[in-house]
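On a predicted model such as this, the values are computed, not experimentally measured, just so you know. Protein chains get the first letters and strands the later ones, always in sequence-line order, with residue 1 at the start of each.
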There are 2 protein chains.
Amino acid sequence: MPVSLDRTDKALLNALQGNARLTVAELADRVALTTSPCWRRVRHLEESGVISGYQAILSPKALGYGVTAFVSIMMESHTQEIARAFEQRLLAIPEIVACHNVSGRYDFLLEVVAKDLESFGEFAREVLQTLPCVKEIYSSFSYKSVRPLRVMSLPG
Amino acid sequence: MPVSLDRTDKALLNALQGNARLTVAELADRVALTTSPCWRRVRHLEESGVISGYQAILSPKALGYGVTAFVSIMMESHTQEIARAFEQRLLAIPEIVACHNVSGRYDFLLEVVAKDLESFGEFAREVLQTLPCVKEIYSSFSYKSVRPLRVMSLPG
DNA sequence: GGTGAAAGCGAGGACCA
DNA sequence: TGGTCCTCGCTTTCACC
């Protein structure tokens, strides 16, 4: 599944991670190519699945979400069906921004946004705690996002 | 800081979170507008900071990163300078995809990618453990990303 | 808030080295 | 692979409702 990338591809990916709206002409400039080969490379990166999509990044603050929390959830049991059903429930909750099934002491790690601490408390009590088969919940709040943009740097 | 959004704005944001490359014409279609007002709305969302940017999303798998780990780090001390310096160190490490300063038992929560478990182990030992003032590290591995795309759903 | 139209530019393809 | 040129359609910005 890994795709081999040369220096130019990596430069393209780094640029597009910073700004997905760059025109092919601007991209071509940055990697010292003309538009055609540049465009072909980008298309190849898309088709090979290296670029899985383009996303507008929203500011939680501007949307009124002052609190970002990381919530670890321990399940009471670990059967396939329970996990699958649980994941479906999680997907339907809009406050959950990201969600991983993880190893270790807890089974799920969620990233949750809320208006403020109070409304997070309400959310935890009324939504998370009432999910079936939840044994334990641990919440940790983000004081600050050290790396505001999720980026996979590709040195190269 | 919160900006008030009507139904149409939310629809635009939901659409752009799914695909930042949608043309204004396509967007206008989806929200039953013509291109001009649609374009004005998008620009307003950008200028008001609701849309903080546009990003190409890369596939860790396609880049050869088979392992995603969440690493919790406990510091030995908590002064401003130490935290600041520590954060600078973290920012320079390309394997770290995301990073938050958090409350609770641990002080930092990192999301890290690695080729495989073995190379993660090496990374943890040789890079993370050798950072100054680290007291304790706890790693948890992602079996599966339940929500592949980070999205803030905006119902309404 | 909304429409329609005009100008300019970028995407995407055909073709060559 | 990379480069040149060409065309269609979209973006962007008018003036106006």
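The separation between A:L16 atom CG and C:dA11 atom P is 11 Å, rounded to whole Å. Between A:R21 atom CZ and D:dC10 atom C1' there is a gap of 12 Å when expressed in whole angstrom units. Summarising the geometry, the separation between CH2 on B:W39 and C1' on C:dG4 is reported as 16 Å, rounded to the nearest angstrom. Nucleotide D:dG3 holds its C1' atom 9 Å from the CG atom of A:L33, rounded to whole Å. Atom-to-atom, CG of A:D29 to C1' of C:dG10 comes out at 14 Å; the value is rounded to the nearest Å. For the pair A:R43 CZ and D:dG2 P, the computed distance is 14 Å after rounding to whole Å. Look at OH on B:Y54: it is 12 Å from P on D:dT11, rounded to the nearest Å. Here the P atom of nucleotide D:dT1 and the CG atom of A:L45 are 11 Å apart, to the nearest Å.
Salt bridge absent: B:E26 and B:R30 never bring a charged side-chain N and a carboxylate O closer than 4.0 Å.
Interatomic distance, CG of B:L110 versus CZ of B:F70, reported as 10.5 Å (0.5 Å rounding).
Here the two rings, on B:F120 and B:F141, have centers that are under 6.0 Å apart. Less than 6.0 angstrom separates the ring centroid of B:F86 from the ring centroid of B:F108.
In terms of position along DNA chain D, the nucleotide closest to A:C38 lies nearer the 5' end than the nucleotide closest to the other residue of the pair A:C38 and B:T23. The 5' end of DNA chain D is approached more closely, in terms of each residue's nearest nucleotide, by A:P37 than by the other of B:L22 and A:P37.
At the phosphate of D:dG2, neither OP1 nor OP2 sits under 4.0 Å from any side-chain N or O atom of A:S36. For the pair B:R41 and C:dG2, the criterion of a side-chain N or O lying under 4.0 Å from OP1 or OP2 is met.
Counting atom types as modelled, A:R40 pairs a side-chain N or O with a base atom of D:dG3 as donor and acceptor under 3.5 Å.
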